[in-house]
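All values reported here derive from a predicted model rather than from experimental measurement. Below, each value reflects all heavy atoms present in this structure, side chains not excepted, and no hydrogens, waters or symmetry copies. Ligands are counted one by one from 1 in listed order, and the atoms in each one are counted from 1 as well.
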Amino acid sequence: MARDSYMNVQVGVDYYPEHWDESLWEPDVKLMKESGVRVVRVAEFAWSRLEPSEGDFQFGWLDRAIGLFHKYGLLVVIGTPTATPPRWLTHDYPDVLPVFADGRIFHEGVRGHRCYNSASLRKYGNRMIDRLARHYSSHPAVIGWQTDNEFGMLDCHCDSCNNAFRTWVKGKYGSLENVNEAWGTVVWSGEYSVWEQLTVPYGGSPHQNPSLLLDFQRFQWEAVADFQKAQIDILRTVCPEHFITHNFHSYPQRLNLYPVGEELDVAAFDYYPNTSPAKQSTTPYSGALSLDLTRGIKRQNFWIMEQLSGSPVCWMPMWRTPYPGFIRAYAWQAIARGADTVVHFRWRSAAAGAEQFWHGLIDHSNVPGRRFAEFTQFAGEVNQLSDLLKGTVLKNEAAILNSHEQLVALDIQPQVENMDYYENIKQYHRVLTKLGIGCDVINWREALDGYKVVIAPSLYLMDEEAAAGFEAFAAEGGTLILTNRSGVKHMNNVAVMQQLPGLLSHAAGVRVDEYDPIGTEPHSIVDEEGTAYACSQWNDLLTPVTAEPIAWYGDDFYAGIPAVTVNRFGKGQVYYFGTHAEESYWSGLLEGVAEKEGLLRFAGLPEGVQASVRSGESGSFLFLLNLSRQPQAVPLSRRYSSVLDGGERSGELALAPYGVEILKL
Ligand code: GAL
Ligand code: ZN
């Protein structure tokens, strides 16, 4: 199988042969085949079965399972099992276990108990991967690998991390004088005089030097990427025909996804949209953002490695069972936003272990029910459209910038109650999605060519290179939207001694004379028409330098002072939001910008309905998804044909609750 086989549009399941009596395997695989499953992920937690004791490799059981998948024509992705080191390993080599800031050990018993800098984990993990890779490199069913499982930030304070962090800081700054200078350690007598004094931030106080805390995060990002790189190096050498992916999960993540994604062929996401009726006004939109963000990791299509199949539990009280249509509609939402393969978690609910009630497609009874029937319908539809959709991608003209550096810096020093970097991104994304404007979510350091409109929330840390990039984007005709808490700090997390927005002042054409962290207090702004809107979180009191005001504060001692401005800059313009305005203000503003800039837009979407377009050589396909419990009607501007049933659609398109339509453009 060629390495680009990840581009196939198909459906899969997560399966744990090691959880089940072997007599169940063949009936399971047979039913997978019949239900339209094409790919299966296995083994990501199976280390204790693959190597029951040190050096005793037992791949026979996995050979038999993979042999069965092959017999039924199913393809296999193998997970490297490093997220669950077995007990013999942690017992004999305790440096595998992470250590919390207060010295407590992250014990075995759940999963994820692995320090990325542990020499033993790397040694035994890489040996396992080498064995697995050699064993399966030419197996006809095996197409790819998932590294580890759901990388995340551990803030490990073990000796290995301590030493590695010191080396990392040395490499970055060269000398202790430079460290002292860059971090401003003179404050509170924190200066280092010999390297041994420099440690990971023991004790875990969030009020330690913010520059140290930010660099500790950056160090961990590199550690995760480096840990993964060692696995990838083995896999690339031994299995050059296989692709490599990793399953990211639940955003926002402090982990910087971009360097981890860089080495992969394809990114994957574990998608568990909330089934609770109370969440149905927000879930479709936060889910859309998660999918767009995942597509942005590599700026290409992606996989869903775990897709919701039933009521989840274990980490929280049980959610509602998915409403009829929910499983299918949310799986289609993933494809609509760029997923090529959707793998459902999991085939059958576990009968043992902590996640017994994290429901799979099939319940413990092993009697396929309503959820399974819905999944089968979805799989059938995907198989029918697979060739048509293969190679199609989303092409958007708007982007929102996402930065893990800004996120963690704002986390280290929360600016004000009620201000949340990712929640603000959610709002801007939701507004665009409701307006029917497709949007990419990309790393803030990416080139912005090709976008007409870019929203860059709270660029709190800034350097000259990034500022020049933003200026160039606007100068060449782009519309850049900046918000408060921009240009506040240098990249080492110390404040700039300039009027804000610091390095972005020229582009914004505005000066922040004073600011008022208002948090949850209700305040207002008034636009040019005299309409008042609520604002919250933060109020920058603005003096336009070259910009024009377009909204003013409506109250407090700064009533009448500019709150939102726009600056003509070269061929483009830069908006500056001094405050966090309510959704309807953003909606009006972005609608106007979209019109002015001629953004592609599917207007008239009812609440809960989302539109997106995938296009390629086979054509362009418009996805219309009703992610709500109410029937909805979508006005169509012309006649279309449905690729789901070949029928004609025009006028008002009726979408049932969780209804899905795919039209040929
Ligand atoms: C994911 C994980 C799966 C399973 C699922 C449900 O985070 O990768 O193995 O645990 O969540 O909790
Ligand atoms: Zn560690």
Could you list, one pair per line, each nitrogen or oxygen of ligand 1 together with any protein nitrogen or oxygen closer than 3.5 Å, giving atom names and the distance rounded to 0.1 Å?
residue	atom	partner	partner atom	Å
ligand 1	7 (O)	E150	OE1	2.4
ligand 1	7 (O)	E150	OE2	2.7
ligand 1	8 (O)	N149	ND2	2.8
ligand 1	8 (O)	E150	OE2	3.3
ligand 1	8 (O)	E306	OE1	3.2
ligand 1	8 (O)	E306	OE2	2.7
ligand 1	9 (O)	R111	NH1	3.2
ligand 1	10 (O)	R111	NH1	2.4
ligand 1	10 (O)	E355	OE1	2.9
ligand 1	10 (O)	E355	OE2	2.5
ligand 1	12 (O)	W315	NE1	2.8
ligand 1	12 (O)	E355	OE2	2.5

Item to check | For D270, all residues meeting side chain to side chain donor-acceptor pair (under 3.5 Å), sequence neighbours excluded | outcome: N247
Item to check | Whether over 12 other heavy atoms sit under 6.0 Å from R87 CZ | outcome: no
Item to check | Contact list for residues 320-340, test side chain to side chain donor-acceptor pair (under 3.5 Å), sequence neighbours left out | outcome: Y271-Q333, D292-R337, N301-D340, R328-E381, W332-E381, Q333-Q610, R337-Q610, D340-R614
Next on the checklist: Counting only heavy atoms from other residues, nucleotides and ligands, does the tally under 6.0 Å from CZ of R49 exceed 12?
Outcome noted: no
Next on the checklist: Going by side chain to side chain donor-acceptor pair (under 3.5 Å), T147 matches just one of E44, K229, H246, Q231. Which one?
Outcome noted: H246
Item to check | Listed protein N/O/S atoms, distance to the Zn ion (ligand 2) under 2.8 Å | outcome: C115 SG, C156 SG, C158 SG, C161 SG
Item to check | Pair D95 + R122, salt bridge at N-O below 4.0 Å | outcome: no
Item to check | Charged N-O contact under 4.0 Å between R127 and E51 | outcome: yes
Next on the checklist: Could you check whether atom NE2 of H364 has more than 12 heavy atoms from other residues, nucleotides or ligands sitting under 6.0 Å from it?
Outcome noted: yes
Item to check | salt_bridge(E423, K426) N-O dist < 4.0 Å | outcome: yes
